[in-house]
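All remarks here apply to the structure that follows.
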There are 2 protein chains.
Amino acid sequence: MRHDSRLSRMLHVLIHMDRHNGSATSEKIAQMLNTNPVVVRRTMAGLREDGYVRSEKGHGGGWTLARPLEEISLLNIHRALGSPEVFAIGLAIDHPDCLVEQSVNAALRDAFTEAEAFLVSRFASVTIADIARDFDDRYSRCDQPQGPAACN
Amino acid sequence: MRHDSRLSRMLHVLIHMDRHNGSATSEKIAQMLNTNPVVVRRTMAGLREDGYVRSEKGHGGGWTLARPLEEISLLNIHRALGSPEVFAIGLAIDHPDCLVEQSVNAALRDAFTEAEAFLVSRFASVTIADIARDFDDRYSRCDQPQGPAACN
DNA sequence: TAGCATGTAACTAATCTTGTTACGGAATAG
DNA sequence: CTATTCCGTAACAAGATTAGTTACATGCTA
C-alpha cells in the first residue's frame with residue numbers, strides 16, 4: 001500500500017517559500033520535490049482554492065504565500081488536499097446484512113474514528129510556523145563547523 | 001488508496017467459526033468473504049503461525065479455532081497479519097539531508113506515532129469475544145418479528 | 001506580440017493487491 | 001492401496017490506483 005506524501009511535501013514547499021520569500025515557479029518546486037511541474041500544479045491547486053497560496057501567470061509569475069505560516073495549521077493543509085483517507089486499514093463490506101460483519105465493523109469503526117479525531121486535533125494544534133521554528137533551530141545548530149555535512 | 005480489509009475479514013471469520021463451532025474449509029470461508037480459497041489460505045497462514053487457528057488436510061479437514069475468542073485481541077490478529085501499515089499518509093523522503101524536510105517529517109512522525117500508539121492500545125483492549133457478545137445482542141434483537149429482514 | 005508561466009485534459013507508465021491456475025503433499029474413507 | 005478431499009505454495013494474470021508525461025489553451029508582462 002503506497003503512501004500519500006502530499007501533506008509532507010506541501011509543508012516542505014511552504015516553508016521553503018517563506019524562508020526564501022519570493023515567488024517560485026512550478027518548475028522550481030518540482031525540482032525540489034523530485035517530481036514534475038504538472039503534479040505540482042495539481043497538488044497546489046487545492047491550497048490555492050483554500051487561500052493559502054496564490055499563483056500568477058506570465059513573466060515573473062509562479063507561486064507565492066497568501067498568508068503567514070502562523071495562520072496555517074497542518075489540518076488546514078490536510079483539508080486543502082481534500083482530506084485524503086488517513087488509514088490504510090478499512091472495513092470489509094462483503095455482506096452488509098451480516099450481523100457479524102456489522103458488529104466487527106462497529107468495533108473497528110469506533111477505534112478508527114477516535115484515532116482520527118486524535119490526529120485531527122493534533123494537526124489543528126500545530127502551525128507551519130511551529131515547524132519552521134524547529135527548522136531554524138536545526139539550521140543554527142548545523143551552521144557550526146562541526147555540524148552535519150548537508151544543510152541545503 | 002485502497003483499503004486493507006484483512007483485519008475486518010479475519011475477525012468476521014473467527015466469530016463465524018466460533019459460533020458454528022466446527023471446522024470450515026477454505027472454500028466455505030472464501031464464499032463467506034466473496035473471495036477465493038487461495039486468498040483465504042494466504043491470509044489465514046499468519047493466524048496459524050501465531051497459534052490462533054489450526055489447519056488440517058484431507059477428508060474432513062479445514063480450519064478450526066485453536067484458542068477461545070476471549071484470549072484473542074484485535075491487536076493479536078493485526079500482528080498475525082504482519083502488522084500492516086496503519087496509515088495511508090506518509091512522509092516524503094525526497095531529500096533526506098534537507099533540514100526543512102527533516103523538521104516537517106519529525107512533526108508528522110510525532111503525530112502519527114502517537115495516533116498509532118492510541119490505536120494499538122485500543123486494539124489490545126478489545127477481544128474478539130467482546131465483538132461476538134455485541135453480535136449476540138444484535139442477533140437476539142433482530143430475532144424478534146419486527147427485526148431487520150436479513151439475519152444470516 | 002513574443003515569451004513565459006499556469007490550467008487542465010488525456011494518455012502512459014509504474015506499482016500494488018487480489019484473483020487465478022497449477023501442482024505437490026498429507027490425511028482419510030472405503 | 002487407491003481415490004478423494006483439502007491445505008501449501010509458487011507463479012502468473014487481472015484490476016485498480018497513483019504518479020508521471022504530453023499536449024495545448026489561457027493569461028500576463030515586458
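Since the structure is predicted, the reported quantities are computational estimates derived from the model, not experimental observations. Protein chains get the first letters and strands the later ones, always in sequence-line order, with residue 1 at the start of each.
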Tell me whether [Y] is reachable from [X] by hopping between hydrophobic residues (I, L, V, M, F, W, Y) whose side-chain heavy atoms are closer than 4.5 Å.
X       : Y      : answer
V120(B) : M10(B) : yes
V38(A)  : L33(A) : no
F118(B) : F87(A) : no

Among [options], which nucleotide sits nearest the side chain of [X]?
X      : options                  : result
K57(A) : dC7(D), dG19(C), dT6(C)  : dT6(C)
H59(A) : dT5(D), dG19(C), dG3(C)  : dG3(C)
N36(B) : dG20(D), dC7(D), dT20(C) : dT20(C)
V38(B) : dT21(D), dT21(C), dG8(D) : dT21(C)
V39(A) : dT21(C), dG20(D), dG7(C) : dG20(D)

Describe the nucleic acid contact of G62(A) in one word from base, sugar-phosphate, nothing, applying a heavy-atom distance below 4.0 Å.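 Result for G62(A) = sugar-phosphate.
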Return the value, rounded to whole Å, for the distance between atom [atom1] of [X] and atom [atom2] of [N].
X      : N       : atom1 : atom2 : value
R42(B) : dA10(D) : CZ    : P     : 11 Å
Q31(A) : dA5(C)  : CD    : P     : 12 Å
K28(A) : dC4(C)  : NZ    : P     : 16 Å
M10(A) : dA19(D) : CE    : C1'   : 13 Å
N34(A) : dA19(D) : CG    : C1'   : 13 Å
M44(B) : dC6(D)  : CE    : P     : 15 Å
L33(B) : dT20(C) : CG    : P     : 14 Å
R54(A) : dC28(D) : CZ    : P     : 15 Å

Query raised in the report: Do E71(B) and N76(B) come close enough that some side-chain heavy atom pair is under 4.5 Å?
Result: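 SC-SC contact between E71(B) and N76(B) ruled out.
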For this session: Flag the pair F112(A) / I89(A) as yes when at least one side-chain heavy-atom distance between them is below 4.5 Å, and no otherwise.
Result: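 Yes, at least one pair of side-chain atoms sits under 4.5 Å.
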Given [N], is OP1 or OP2 found less than 4.0 Å from the side-chain N or O atoms of [X]?
X      : N       : value
S26(B) : dC7(D)  : yes
R41(B) : dG8(D)  : no
S55(B) : dC7(D)  : no
T35(B) : dG19(C) : yes

Check your understanding: Which comes earlier along DNA chain D counting from the 5' end, the contact point of G58(B) or that of R6(A), where each point is its nearest nucleotide?
Key ->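 Comparing both residues, the 5'-ward one is G58(B).
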(Q) Taking the nucleotide of DNA chain C with the nearest heavy atom to each, does G61(A) or E49(A) sit closer to the 5' end? (A)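 That would be G61(A).
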Requested in this report: Indicate whether the side chain of S26(B) and that of R41(B) have a donor and an acceptor atom separated by less than 3.5 Å.
Outcome: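 On atom types as modelled, these side chains qualify, holding a pair under 3.5 Å.
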Margin query: Distance criterion of 3.5 Å, no angle test: do you see the side chain of R48(A) paired donor-to-acceptor with the base of dG7(C)?
Written below: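 No pair found.
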